[in-house]
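Remember, it's a predicted structure, so these values are computed and weren't measured experimentally.
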Amino acid sequence: MKNLYILLLPFLFFQCKNYNYISKQEKVIPIKNLSEKKLKIWYHKDIIDDSIPGISLDKAYNTILKDKKGKDIIVAVIDTSIDINHEDLNSSFWTNINEVPNNNIDDDENGYTDDLQGWNFIGNKNGENTLFVNYEITRVLKKYNSSFLNNEIKDSLLYSTYMSAKKRYAERLLSAKDDSINIKNVAKWKKESKVFLSSYFKDGNYTIKQLDSLKQAHTNDSILQFNALRMSNFIKYAPDEKIKSSTIQANERLAKLLNTSYNDRIIINDNSEDLNDTNYGNNTVNQDLDFLEHGTLMAGLIAAKRNNKTGINGFSNYIKIMALSISSSGDEHDKDIALAIRYAVDNGAKVINMSIGKEFSLHKEWVFEALKYAEEKDVLVVSGAGNSSYNLNVFNNYYPNDNINNGKEVSDNFIKVGASTYYPNENLFATFSNYGKIDIDVFAPGTKIYTTTPSVESYKFVSGGTSASCALTTGVAALIRSYYPNLTASEIKHIIMDSGVEYTFPVKLTRSDSIKTPFNKLSKSGKIVNAYNALIMADSISNTK
């Protein structure tokens, strides 16, 4: 497949002479000061026209797609619950037309009753959701602690995985205990300052400005100065809701995520070790949105309505989101990942977005088989690289992926995406992103991302992460499939990789790096996804078929 694109490159550039096509950026570009308005759309911008290393989606619409019409395309978002009633998303969801709404009958006999917009794999028939689940390292220890303690298993490779998980578990447990102590202290200190300040503000309400005025009126009172300053910081960085949610997270991390005695399938009531036990879940794909917002963030990047003068622009009004909920706080089960992929394939999705990831995998073979199944049915799967700053050439226990121990890929329909920034210089690489020329196929924008949220504000900036990079790459893939439906999933994967902009200048892998690495050495392609270039290449290849 790769050789095909190498042979086609001269043809592509000949065909593209009327377009401002760029394949490589070798020099850094002076940073532009971006207003908040421009920051909201930076990831759609172009390195040539705007001096911003975005994906050139605006440029694609202003030129290539200007007078073209696409076809409807279903994109499965395997994630948390999604806000199907969001003002900028409510018309962008897939509807299962073969299912009669709410008649409690599996009309289309696909194994899922009343699945109108998708399926919720973390719920039960009573409408309850599992909001906190084990980390995968916890499941590894839970499964193998007794066996290795009693020398019942002699598998050296499995033992190595077990010991790696055990080490990581100890690190996370120590960190979780520290977090629990810290949030308790924050709550305690804030309460102390509230009590102290109550003698100055009888109703308990005050602003940072009022606190500053109080400090100026009592410059010699060191205790007041201390409490007013501390409360100002609490107002900025630790509002009561944040302390409350952080306390819950810290407590549940110890009680459930890291508890080897906790059964995280007790609500669902299935056997997580049996892939054939599929009679679980429910059809409510928008549950617990106050806690599970991630899916809505990703769905907006892909399919928010374009040009409706509301919120943000997604990739296309032809995209329909299929909502498949498998994620909560903790790590996804391989069983749910595999079954969600198969559900998406069987029900018409042509691209699958999996902005998910975890260290270690108990049943990676189930996911591999699901990826192969998707490949057989010509479905593209896109996944995020992860946000742990790992070199995946060295640390290979990050899933889902498409290979075993950095060996041969199990299929040719899987893209793994790292995160880049809006800085066209040594800070182009997002230092939280995992990287590596074996596992990571390509990069895409993943910092300071403005998108839809199920909260009352409806839209917000998020720090991003490779989840956003994954969603933006999914959007490009869906755009290609919509306008060039004769291209296969494998062809689109390689178009996305080969048509990106290659950045060759050195970048920092950490914020304090003195030794820099060429950006194009951090992934297989060495490139950042580019919708404009990808559509040009797709058009040329489509016309040769």
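Counted by atom type alone, Ser355 and Asp79 present zero donor-acceptor pairs between their side chains at under 3.5 Å. Judged purely by distance below 3.5 Å, without hydrogens or angles, the side chains of Glu26 and Thr504 never pair a donor atom with an acceptor atom. Remark: the Glu502 side chain and the Asn520 side chain contain an N/O donor-acceptor pair separated by less than 3.5 Å. Between the side chains of Asn308 and Asp88, at least one donor N or O lies within less than 3.5 Å of an accepting N or O. Side-chain polar atoms of Asn110 and Asp115 form a donor-acceptor pair below 3.5 angstrom.
For Lys377, the NZ atom is loosely surrounded, since the number of other residues' heavy atoms within 6.0 Å does not exceed 12. Atom CZ of Phe432 is surrounded by more than 12 heavy atoms from other residues, nucleotides or ligands within 6.0 Å. Counted within 6.0 Å of CD on Glu36, heavy atoms from surrounding residues, nucleotides or ligands total 12 or fewer; the atom is thus considered open. For NZ of Lys460, the number of neighbouring non-hydrogen atoms (other residues, nucleotides, ligands) closer than 6.0 Å is greater than 12. By the 6.0 Å contact criterion, NZ on Lys244 is open, its count of non-hydrogen atoms from other residues, nucleotides or ligands being 12 or less. Other residues, nucleotides and ligands contribute over 12 non-hydrogen atoms within 6.0 Å of the NZ atom of Lys508. Residue Lys38 places its NZ atom among 12 or fewer non-hydrogen atoms of other residues, nucleotides or ligands, all under 6.0 Å distant. Environment of NZ in Lys516: crowded, with over 12 heavy atoms of neighbouring residues, nucleotides or ligands closer than 6.0 Å.
For the side-chain hydrogen bond (donor to acceptor under 3.5 Å, both in side chains) with Tyr280, the qualifying choice from Asp336, Asn120, Asn124 is Asp336, the only one to do so. Of the listed residues (Phe429, Phe505, Phe443), just one forms a ring-ring contact (aromatic ring centres under 6.0 Å, His included) with Phe519, and that residue is Phe443.
The closest side-chain heavy-atom distance from Ile536 to Ile64 is below 4.5 Å. Within the 4.5 Å cutoff, the side chain of Phe132 has heavy atoms near those of the Ile248 side chain. Using a 4.5 Å heavy-atom threshold, the side chains of Ile496 and Ile415 count as touching. A heavy-atom distance below 4.5 Å is not found between the side chains of Leu392 and Ile438. Between Ser328 and Leu292 there is a side-chain heavy-atom pair separated by less than 4.5 Å. The closest side-chain heavy-atom distance from Val417 to Thr466 is not below 4.5 Å. The closest side-chain heavy-atom distance from Ile78 to Ile337 is not below 4.5 Å. Residues Glu375 and Ser490 are not in side-chain contact: their nearest non-hydrogen atoms beyond the backbone lie 4.5 Å or more apart.
Taking both residues in full, the closest heavy atoms of Phe291 and Leu131 are given as CE2-O, 3.6 Å, listed atom of the first, atom of the second, then distance. Contact detail for Gly300 and Thr452: the closest heavy-atom pair is CA-OG1, 3.1 Å. Scanning both residues, Ala238 and Ile243, for their nearest heavy atoms gives O-CD1, 3.5 Å. Residues Val476 and Ala531 approach most closely at CG2-CB, 4.0 Å, considering heavy atoms. When all heavy atoms are compared, the tightest approach of Ala419 to Ser433 is N-OG, 3.1 Å. Taking every heavy atom of both residues into account, Lys320 and Ser91 meet most closely at NZ-O, 2.9 Å.
The structure places CD of Gln287 at 6.5 Å from OG of Ser81, a figure rounded to the nearest 0.5 Å. From Thr113, atom OG1 reaches atom CG of Asn103 across 8.5 Å, with rounding to the nearest 0.5 Å. Here Ser327 contributes atom OG and Ile356 contributes atom CD1; the two are 5.5 Å apart, rounded to the nearest 0.5 Å. Ile312 contributes atom CD1, which lies 7.5 Å from atom OH of Tyr459 (distance to the nearest 0.5 angstrom).
Taking a cutoff of 4.0 Å between a charged side-chain nitrogen and a carboxylate oxygen, Arg481 and Asp72 do not qualify as a salt bridge. Taking 4.0 Å as the cut-off between side-chain N and carboxylate O, Lys372 and Glu369 count as a salt-bridged pair. Looking at Asp441 and Lys524, a side-chain N of the basic residue comes within less than 4.0 Å of a carboxylate O on the acidic one, giving a salt bridge. Residues Glu332 and Lys358 are not paired through a salt bridge, judged by the lack of any N-O separation under 4.0 Å between the basic side chain and the carboxylate. We find that Lys27 and Glu426 are not joined by a salt bridge, their nearest charged nitrogen and carboxylate oxygen being 4.0 Å or further apart. The pair Asp49-Lys59 meets the salt-bridge criterion, with a side-chain N (NZ, NE, NH1 or NH2) lying under 4.0 Å from an Asp/Glu carboxylate O. Under the 4.0 Å criterion applied to side-chain N and carboxylate O atoms, Glu491 and Lys545 are assigned as salt-bridge partners. A salt bridge links Asp412 to Lys493: at least one charged side-chain nitrogen sits closer than 4.0 Å to a carboxylate oxygen.
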Notebook entry, point to check: Under the side chain to side chain contact (heavy atoms under 4.5 Å, CB included) criterion, do Trp42 and Tyr450 qualify, and how do the steps go?
Noted result: CA-CA 9 Å; Trp42 80 264; Tyr450 191 70; over 6 Å; no
Note to self: Between Leu339 and Trp366, is the side chain to side chain contact (heavy atoms under 4.5 Å, CB included) condition met? List the steps.
What the structure shows: CA-CA 9 Å; Leu339 290 179; Trp366 291 349; over 6 Å; no
Next item on the list: Could you give me the CA-CA distance, side-chain angles and deciding distance for Ser467 and Met298, then say whether side chain to side chain contact (heavy atoms under 4.5 Å, CB included) is met?
Entry: CA-CA 7 Å; Ser467 289; Met298 298 306 109; 3.8 Å; yes
Margin query: Using side chain to side chain contact (heavy atoms under 4.5 Å, CB included), reason through Gln117 and Asn283 one step at a time and then give a plain yes or no.
Written below: CA-CA 8 Å; Gln117 269 86 41; Asn283 68 340; over 6 Å; no
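Checking side-chain atoms of Asn425 against main-chain N and O of Val28 turns up no donor-acceptor pair under 3.5 Å. At least one donor-acceptor pair closer than 3.5 Å links the side chain of Asn347 to the backbone N or O of Tyr343. Counting only distance, with no hydrogens or angles, the side chain of Ser525 and the backbone of Lys527 share a donor-acceptor pair below 3.5 Å. Of the possible donor and acceptor atoms, one in the side chain of Ser482 sits under 3.5 Å from a partner among the backbone N and O of Lys71. Side chain of Lys350 to backbone of Asp378: a donor-acceptor contact under 3.5 angstrom is found. A donor-acceptor pair is defined here as one N or O able to donate and one able to accept, closer than 3.5 Å; such a pair exists between the side chain of Glu99 and the backbone of Asp107. Looking only at distances, a side-chain donor or acceptor of Thr296 sits under 3.5 Å from a matching main-chain atom of Asp83. With hydrogens and angles disregarded, a donor-acceptor distance shorter than 3.5 Å links the side chain of Thr80 to the backbone of Gly295. Using a distance-only test at 3.5 Å, with no hydrogens or angles considered, no donor-acceptor pair links the side chain of Asp539 to the main chain of Leu535. For the pair Asn533 (side chain) and Ser499 (backbone), a donor-acceptor distance under 3.5 Å is present.
Judged by a 6.0 Å distance limit and a 45° cone about the ring axis, Arg306 is not positioned over the six-membered ring of Tyr318. A cation-pi contact, defined as under 6.0 Å to the ring centre and within 45° of the axis, links Arg342 to Tyr373.
Proximity of the aromatic rings of His44 and Tyr532 is defined here by a centroid distance below 6.0 angstrom, and this criterion is not met.
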